Protein chains: 2
Amino acid sequence: MTTQAFLTALSSELPSLTIKTDADSTAHWGRDWTVHFAVDCTAVLFPKTTEEVATIVRLANEYGTALVPSGGRTGLSAGAVAAFGEVVVSFDKMNQIGTFYEADRMVEVEAGVVTKALQEFAESKDLYYAVDFASSGSSQIGGNIGTNAGGIKVIRYGMTRNQILGLTVVTGKGDILELNGGMLKNATGYDFRHLFIGAEGTLGFVTKALIKLEKQPVNLTAMVLGVPDFNSVVGLLDKFGKALNLTAFEFFDHIAVTKVIEAGHTKAPFESETPFYVLLEFEALNDEVLELAMSVFETCAEEGLIVDGVMSQSVGQLHELWKLRESISETISVFTPYKNDVSVLISHLGDFISDIETIVKDNYPDFEICWFGHIGDGNLHLNILKPANLTKDEFFEKCQTVNQYVFDTVKKYKGSISAEHGVGMTKKPYLTYTRTPAEIDYMKAVKAIFDPNNIINPGKIFD
Amino acid sequence: MTTQAFLTALSSELPSLTIKTDADSTAHWGRDWTVHFAVDCTAVLFPKTTEEVATIVRLANEYGTALVPSGGRTGLSAGAVAAFGEVVVSFDKMNQIGTFYEADRMVEVEAGVVTKALQEFAESKDLYYAVDFASSGSSQIGGNIGTNAGGIKVIRYGMTRNQILGLTVVTGKGDILELNGGMLKNATGYDFRHLFIGAEGTLGFVTKALIKLEKQPVNLTAMVLGVPDFNSVVGLLDKFGKALNLTAFEFFDHIAVTKVIEAGHTKAPFESETPFYVLLEFEALNDEVLELAMSVFETCAEEGLIVDGVMSQSVGQLHELWKLRESISETISVFTPYKNDVSVLISHLGDFISDIETIVKDNYPDFEICWFGHIGDGNLHLNILKPANLTKDEFFEKCQTVNQYVFDTVKKYKGSISAEHGVGMTKKPYLTYTRTPAEIDYMKAVKAIFDPNNIINPGKIFD
């Protein structure tokens, strides 16, 4: 039975369903932000309701057609790439913000709602949607749920998982499940909600979610601190973390700052140049909190943890300081970076960074490493910049070797080969560096329960 | 193959394992706080390591022996009752607090560590273990994880689930899995940690956990407010919730307060008598926060949401005010209450309470209802007090009918028949009021993967 037969049956059952098969559409919706896989997408479907999704899944089971879920396509692990002739199910037309439960500070959204739209909705209710990251202008809630997206506010508000009070899903078998119904407390058996969160769409489609909104943070204030070495970064996390309710604790290195300033995104935060920088943010509820922050700053400066620093005095300055961190990805993209997204315990970060620096220096002395990341969460973004004298192909070939070293080092420290980008196809070959064969066997068995015909996003996470 | 053969094989493989079969021990360790089920426990095992637990499970599979996990035995749903000749696996001898990861604010504990011991350990590190409830002096971490225990601080810190950064489990198949390794961010496939949390020990044994500790709260301050009606309770949650970072928001009714004061646990908080009371708690970081709290109080009083109120001025007064809430369970226990633990959306609480009041008044006009609970989490504890003229048996028979009404009403509002006490055996017959047949089928299939021979806690949650 061919995919064509599936599409014909679908048109017959759902005459109003938009189906695109033109080359532009399949090329566009067949991929996410990853570029390493050739796209081979047969068609793109645009359902408008959960019931339509269920019909699509039922027919896909009948015709043996593989489906790939597609949100904002900002993924970095090829979790939403159709590379084997699959049919893509786009959630672009399921983008309604539904019932707002004021007393519960909760809102129901369809999977295709863009992160930023939810942030703005929350703001309109004097509330706050706490998940935020570089691609929030394009990423969709369904995709965020699929990868359990993190970002810059995790230290205070947790991952996407933390905000999900209910999920409507269509399993690979075609069952519609309404999981957890928005309750904060519900001790009635296995919490499948958390199984679907982070499953990268391999168990079924998330079609709706009930999202918890937070109290708006008050008078967010940032400090950028120049730091003499990486251990001081961790030391500052401890000191400021104990004194303040941090909403972010980011770090980046001198190379990152230099490139961002050279690119004209912002100016240097202060005159001193230091190997590492910390950007921390907190709610300055009132003057006493500001004084406390200043007193921690002074103590840390006396102890040599801080070389120089600056604190935002206005919302404008807050945004200016954040540019130092938020412009890094875009700035270094011109250096064709080899990117990695890993995490280890905060306790192991110093040794981990030092190991990687040594390995790269020993093997590729002409490679420049740019570090940044969410230190408060143990999450490092490792970026190796392409030296001008290497072609892209030569560089990426050498990077494959680096990859091996990086993942060996992640394994040494019992860390994660993917902190917040997911596994998809990009990291599938390395899954055993973080998960054991027994765990992967259980994953496959669970997949077989929810998706017995291997219809939904096959070949993602594991084969 | 008999249980006796299993015990013989076990003694041979693990000669140092403590095995108790005397009547006192099997009666003691064979039950939790529930009293509705006759205990039939064949033996009690006291492993000391994860490997010993794995050996027990392997042999149990070979001999077809059913095992029941046992922690602090404070459960209220018979999740840890051996009623069918099972062998109990007690975690009393796995009570070590292990490595403390200072930079990660994380500690590894064995499953048998008592909640209070972990709270005290955290305090010794100037940190805070945020899960707290009436039985924290006896309950063990493993049991808390099994039921995803909640308690009085959920509004700020979330359920037990929220603090678990890693789990070591022995599955029903006998595999030892180390899940998530303590990381805040780890996007490498299905997060089985969350499947085991709240599974009431039906998928395997939790033997260790990596627990996140929190910053110690500063200057906790409580208000007790007398409130004219239930809608005002919800109104206050909104007003105070928007202004302050609440650490608790509890409510109880006039009957509860009257009984607690009559029993001599504490004195009336103020002269006015009101139908409902709110106890809220927040961090009074400094005088400005206290002033803010007072100004919200005044606004609410002007709007008629508050009739009278009092705020703690010292730690001693804080504890005294908490007695109003914390003494309720013990106080009403002499009235042989019929207890229920349900949750609905906060948006539905008012209608839900009103429906139940009407049903009980119409059907059993002589029944007295005592309400209290964690309103900030939508979690109500419904207690019907036995009228003096009814025998215990007559009363509980009538309560079975009430049960039906209560669960019908829970279903009407799409709530949970067990907010934080679990399903165990007590609520098993009512599981379909909150979970659909499709969900229960998936649960059974997942159980069959992790525990194919139905060895671990069979007959709990579902048959």
Side-chain angles (χ1 to χ4, degrees), chain A residues 101-104 147-148 150 154 159 162 175 177 181-192 194-195 197-199 215 234 237-238 241-242 285-286 288-289 343 345-347 377-379 414-423 431 434-436 438-439 442-443 445-446 449-450 461-462, chain B residues 101-104 147-148 150 154 159 162 175 177 181-192 194-195 197-199 215 234 237-238 241-242 285-286 288-289 343 345-347 377-379 414-423 431 434-436 438-439 442-443 445-446 449-450 461-462:
Chain A
Y101 298 86
E102 188 177 1
D104 296 271
T147 53
N148 187 26
V154 171
M159 307 291 284
N162 243 38
D175 293 312
L177 306 182
M183 283 174 287
L184 288 165
K185 289 183 170 177
N186 177 20
T188 56
Y190 310 158
D191 196 335
F192 289 138
H194 287 294
L195 197 56
I197 298 170
K215 200 161 88 69
V234 177
L237 175 60
D238 180 58
K242 275 187 179 143
L285 283 172
N286 52 45
E288 289 187 44
V289 175
S343 83
L345 294 189
I346 296 167
S347 304
D377 321 318
N379 181 189
K414 296 190 176 178
S416 175
I417 56 151
S418 181
E420 56 179 2
H421 294 171
V423 176
L431 186 57
T434 297
R435 307 294 295 260
T436 62
E439 285 180 72
Y442 282 115
M443 282 195 221
V446 167
I449 288 174
F450 287 93
I461 305 181
F462 46 74
Chain B
Y101 299 85
E102 188 177 1
D104 295 272
T147 52
N148 187 26
V154 171
M159 307 291 283
N162 243 36
D175 293 312
L177 305 182
M183 284 174 286
L184 288 165
K185 289 184 170 177
N186 177 20
T188 56
Y190 310 156
D191 197 336
F192 289 139
H194 287 293
L195 197 55
I197 298 169
K215 199 160 89 70
V234 178
L237 174 62
D238 180 58
K242 275 187 179 145
L285 284 171
N286 52 46
E288 289 187 44
V289 175
S343 83
L345 294 189
I346 296 167
S347 304
D377 321 317
N379 181 189
K414 297 190 176 177
S416 175
I417 55 151
S418 181
E420 56 179 2
H421 294 171
V423 176
L431 186 57
T434 297
R435 307 293 294 259
T436 62
E439 285 181 70
Y442 282 115
M443 284 196 219
V446 167
I449 288 175
F450 287 93
I461 304 181
F462 46 75

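The shown structure was predicted, so the numbers you read here are calculated from the model rather than taken from an experiment. Chain naming here is simple, since letters A, B, ... match the order of the sequence lines and numbering starts at 1 in each.
Using a 4.5 Å cut-off between heavy atoms, B:Val446 touches chain A through backbone and side chain atoms alike. There is no contact between B:Asn148 and chain A, counting heavy-atom distances below 4.5 Å. Of the atoms belonging to B:Met159, it is side-chain heavy atoms, and not backbone ones, that fall under 4.5 Å from chain A. Both the backbone and the side chain of B:Lys242 come within less than 4.5 Å of a heavy atom in chain A. Of the atoms belonging to B:Leu177, it is side-chain heavy atoms, and not backbone ones, that fall under 4.5 Å from chain A. Only the side chain of B:Leu431 has a heavy atom closer than 4.5 Å to any heavy atom of chain A.
Note on A:Asn379, A:Leu195, A:Ile346: by heavy-atom pairs under 4.5 Å with chain B, the leading option is A:Ile346. Ranked by non-hydrogen atom pairs under 4.5 Å with chain A, the options B:Glu102, B:Lys414, B:His421, B:Glu439 are led by B:Glu439. When each of B:Leu237, B:Asp104, B:Ile461 is checked for heavy-atom pairs under 4.5 Å with chain A, B:Asp104 comes out on top. Put simply, of B:Leu345, B:Thr147, B:Ile417, B:Asp175, the one with the most heavy-atom pairs under 4.5 Å next to chain A is B:Leu345. Contact count against chain A (heavy-atom pairs under 4.5 Å) is highest for B:Thr188 among B:Val423, B:Thr188, B:Asp377. By number of non-hydrogen pairs under 4.5 angstrom with chain A, the leading residue of B:Ile449, B:Ile197, B:Thr434 is B:Ile449. Counting heavy-atom pairs closer than 4.5 Å to chain A, the top-ranked of the candidates B:Leu285, B:Asn162, B:Val234, B:Thr436 is B:Asn162. No other option in A:Asp191, A:Asn186, A:Val289, A:Leu184 has as many heavy-atom pairs under 4.5 Å with chain B as A:Asn186.
B:Ser347 places no side-chain N or O within 3.5 Å of a backbone atom of A:Tyr101 that could act as its donor or acceptor partner.
Of all heavy-atom pairs between A:Lys185 and B:Ser343, the closest is O-OG, 2.7 Å. Taking all atoms of both residues into account, the shortest heavy-atom contact from A:Ser416 to A:Ala419 is OG-N, 4.0 Å. Here the closest non-hydrogen pair linking A:Met443 and A:Phe462 is CB-CE2, 3.6 Å. A pairwise comparison of heavy atoms in A:Glu420 and A:Gly150 identifies OE1-CA, 3.4 Å as the closest pair.
The aromatic rings of B:Phe192 and B:Phe450 lie perpendicular to each other, with more than 60° between the two planes, well past the 30° mark.
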